[in-house]
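A short worksheet on the structure shown next.
Residue numbers start from 1 in every chain, and the chains themselves are labelled A, B, ... in the order their sequence lines are given, proteins ahead of strands.
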Number of protein chains: 2
Amino acid sequence: MITAPPSLLTLTNPFEERLEQVEALLAAQVEAGRSPLETALAQLITAGGKRLRPRLALLTGSLLRADPGPLLCLAAAVEMLHTATLIHDDLVDGAGLRRGVETLNVRWPAAASVLVGDHAFTRAARLALATGSLPAIDLFTETMARMVDGEITHLTRAPGIIDQEAYYTWIGAKTAVLFELAAAAPALLGPAEPAQAAAARRFGFQIGMAFQVVDDVLDFSPGPSNLGKPAGQDLRQGTLTLPALLYYQTDPDDPDLLAIASREQLDKEILERLLARIRGSGALEAAIETAQRYISEGLEALDRLPEGPERPLLEVLARSIVDRAK
Amino acid sequence: MITAPPSLLTLTNPFEERLEQVEALLAAQVEAGRSPLETALAQLITAGGKRLRPRLALLTGSLLRADPGPLLCLAAAVEMLHTATLIHDDLVDGAGLRRGVETLNVRWPAAASVLVGDHAFTRAARLALATGSLPAIDLFTETMARMVDGEITHLTRAPGIIDQEAYYTWIGAKTAVLFELAAAAPALLGPAEPAQAAAARRFGFQIGMAFQVVDDVLDFSPGPSNLGKPAGQDLRQGTLTLPALLYYQTDPDDPDLLAIASREQLDKEILERLLARIRGSGALEAAIETAQRYISEGLEALDRLPEGPERPLLEVLARSIVDRAK
């Protein structure tokens, strides 16, 4: 598990207390012990992760003077929605590890993942509802819909090499909209003006795009920085992410890449060879530059938000997204 | 597919137009053609069924003078939620036929059922949100949570014979709460008094219980009345429903029943033998009597609702639930 850089932990100290309240809200939604499955969900929830999304919500909301009670519920709702989508996506992808531990779908039949994911969705909906704000609930619902629709589009794509536009659309729906929600919904819980709300929204979306690009780069590096997963998970599933697509631009005839993209029977040797070739091609560095550009664009949007002690913290949060790949 | 008895169709004529508006709302949520999966969902939605739940919502809402626009959204939301739970439950149960056609999980990988179910959930949430009523959205969310939690409890039950109380708890969460929602939420969309809302709620829940008991009885009869499914689906999965539990009361030592309940390797011969024995035991008739009692209790609650042309229609709807088993 990645821990936030010390600078972030130190700087966000005034907000750590609120983050603990979010943790308590999350834990209250899933009582361990009622059934083995709920216990599994409770473990997944408390296992945590960096809590980037609730941090983003709390900081943006505080900056925009969102109503504190509803803001806590919103921050928890965003994290719970994140967990729910992880559970179903792991099932869809057949992923084996999540936050360094086995995913539900390794330990339980598919039925269990379906229902525990649904359970998490209902808890997320309950938390969103607790904000009491129809516009926030609306944005929450639309975000959920965009995420699911994006996965469906991705799942039903034709075999072969997707173009970069399709990649950006996909990661937008899969990841960036949730960061967007975390930054934009708080604007609906207070006196923020439409221009501020739009800037918050753009800030969230852009850093969310950067987050996914970095995640996709990390999938090429084995070891602890890659959340404990073996390298090349995406390629293994025939999914070409930005590094592979950038490599494809420079070497469009690599038969290994074409074989993997066509989702033919996977050969471990081909995979290892291709991984090494992509790593050596400069594609990872180019992808990180792309992530850096998203962060820069996000920071430009951040500049349009009001002054306040939260702004430098949001900047640290944004920069930490790319820093974890360094 | 079961069609409503002619009496119901004739009597509900003034409401057929509103039901068509509900159909239009449902169809608008799922645009066929965007992807094969969405087309599959659209087919499932438009394949319909009896639309008992939206009918219940429209009639109760009209009787309680619910705001017509929000009421339409609510009726569509309830049906969409029903469809979403069907999709995931079919995956969880490994069911092969639904509304006379193959279920999604037969035609698509599990991943597809997960995502199309999620897609339907998001559409249901969107429709619920369109009511604009926080109390109605709250009841909707709680119903969703109760349904999912009920399925988890059922899925993680210990092998062996459940007691009747566990059965009633299970079908309450699985089926009756959705009928309850359909009847109770309209009371939140208008000037209904708390006592009326409570009566509507009870009416919905009781007829929902009857509906599931009848459904479970129909599972013992092959042929068209059983929605085109082969007989004994529940027993096949080691699920004992009311007829089997009533049979168990009179013949607790039947080794075939014990074998099936322990979910050992299933023998087709054992299943057929047990089906025949339960059919001949009077258990089906006794279960129908139970359903009839639920209907009677529901009708007592209906009597506490205001007078109006919708009341006899609601009575016809309630009675039709048991009539389909005759």
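- Using a 4.5 Å heavy-atom cut-off against chain A, the contacting residues of residues 124-133 of chain B are B:A125, B:R126, B:L129, B:G132.
- Across every non-hydrogen atom of A:D149 and B:H119, the tightest pair is OD1-ND1, 2.7 Å.
- Residues A:V148 and B:L115 come closest through the heavy atom pair CG1-O, 3.4 Å.
- Side-chain contact between B:I152 and A:D118 is absent, with no heavy-atom pair separated by less than 4.5 Å.
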